[in-house]
Amino acid sequence: PLRHPVQTYTTTLVLVNNLKGSVDVSIRSSASDRLTVEPSSLRFGPGEAKEVRVKLRVLKFAARAKAVEQGQRDILHIK
C-alpha cells in the first residue's frame, strides 16, 4: 500500500507530422507506473497534427536535496 497520497499531473502535447507521407507512431514510457500516454499509438497523414495526453503520477516525494534539484528522469520513447 502507498503511504503518501498520489498526485497526478496531466498535460496535452501536440505532435505534428512534417513529412510528405503518412507515419505510424507508438509512444511508450520508461516508467509506466508513473508516466502514461493516451493514445499510445497514432497514425498521421502528411501535415496532420494530433494531441496526446500525458499523465504523471507522483508516487513519492524526494527526501534528499540532490533528488529535489535533479528530479526524476522519466523518458517518453516515440517510435
Side-chain angles (χ1 to χ4, degrees):
L2 297 172
R3 295 181 182 169
H4 301 286
V6 175
Q7 285 186 290
T8 302
Y9 300 90
T10 303
T11 192
T12 301
L13 300 176
V14 177
L15 304 177
V16 179
N17 175 9
N18 292 323
L19 302 174
K20 293 180 181 179
S22 295
V23 176
D24 292 321
V25 173
S26 71
I27 307 168
R28 66 180 176 81
S29 167
S30 64
S32 59
D33 58 331
R34 290 189 303 270
L35 196 60
T36 59
V37 179
E38 294 175 351
S40 60
S41 60
L42 302 161
R43 181 174 191 92
F44 289 88
E48 190 173 9
K50 294 200 178 183
E51 292 184 352
V52 294
R53 185 175 52 207
V54 180
K55 289 184 183 180
L56 171 65
R57 294 180 65 221
V58 178
L59 305 175
K60 63 181 179 178
F61 294 93
R64 297 175 304 177
K66 183 176 179 182
V68 170
E69 289 175 17
Q70 292 182 351
Q72 183 68 39
R73 296 181 187 214
D74 294 331
I75 300 169
L76 285 179
H77 300 274
I78 301 174
K79 191 173 181 180

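- To the nearest 0.5 Å, atoms NZ (Lys50) and OG1 (Thr12) are separated by 15.0 Å.
- In this structure, Asp24 CG and Lys79 NZ are separated by 12.5 Å, a value rounded to the nearest 0.5 Å.
- Of the candidates Thr36, Val54, Val37, Leu13, Ile27 forms a side-chain contact (heavy atoms from CB on, under 4.5 Å) with just one, namely Val37.
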Which pairs would a plain distance check flag for residues 14-23, meaning a side-chain donor or acceptor within less than 3.5 Å of a matching protein atom at least two apart in sequence or in another chain?
| residue | atom | partner | partner atom | Å |
| --- | --- | --- | --- | --- |
| Asn17 | OD1 | Leu19 | N | 2.8 |
| Asn17 | ND2 | Gly21 | O | 2.9 |
| Asn17 | ND2 | Gly45 | O | 3.1 |

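- Between the side chain of Ser29 and the backbone N or O of Leu35, at least one donor-acceptor pair lies under 3.5 Å.
- Contact detail for Glu48 and Arg43: the closest heavy-atom pair is OE1-O, 4.1 Å.
- Contact annotation: the side chain of Tyr9 never approaches that of Lys55 to less than 4.5 Å [non-hydrogen atoms, C-beta and beyond].
- Using a 4.5 Å cut-off on side-chain heavy atoms (C-beta onward), Leu42 and Pro39 make contact.
- Summarising the geometry, atom CZ belonging to Arg34 is positioned 10.5 Å from atom CZ belonging to Arg57; distances are rounded to the nearest 0.5 Å.
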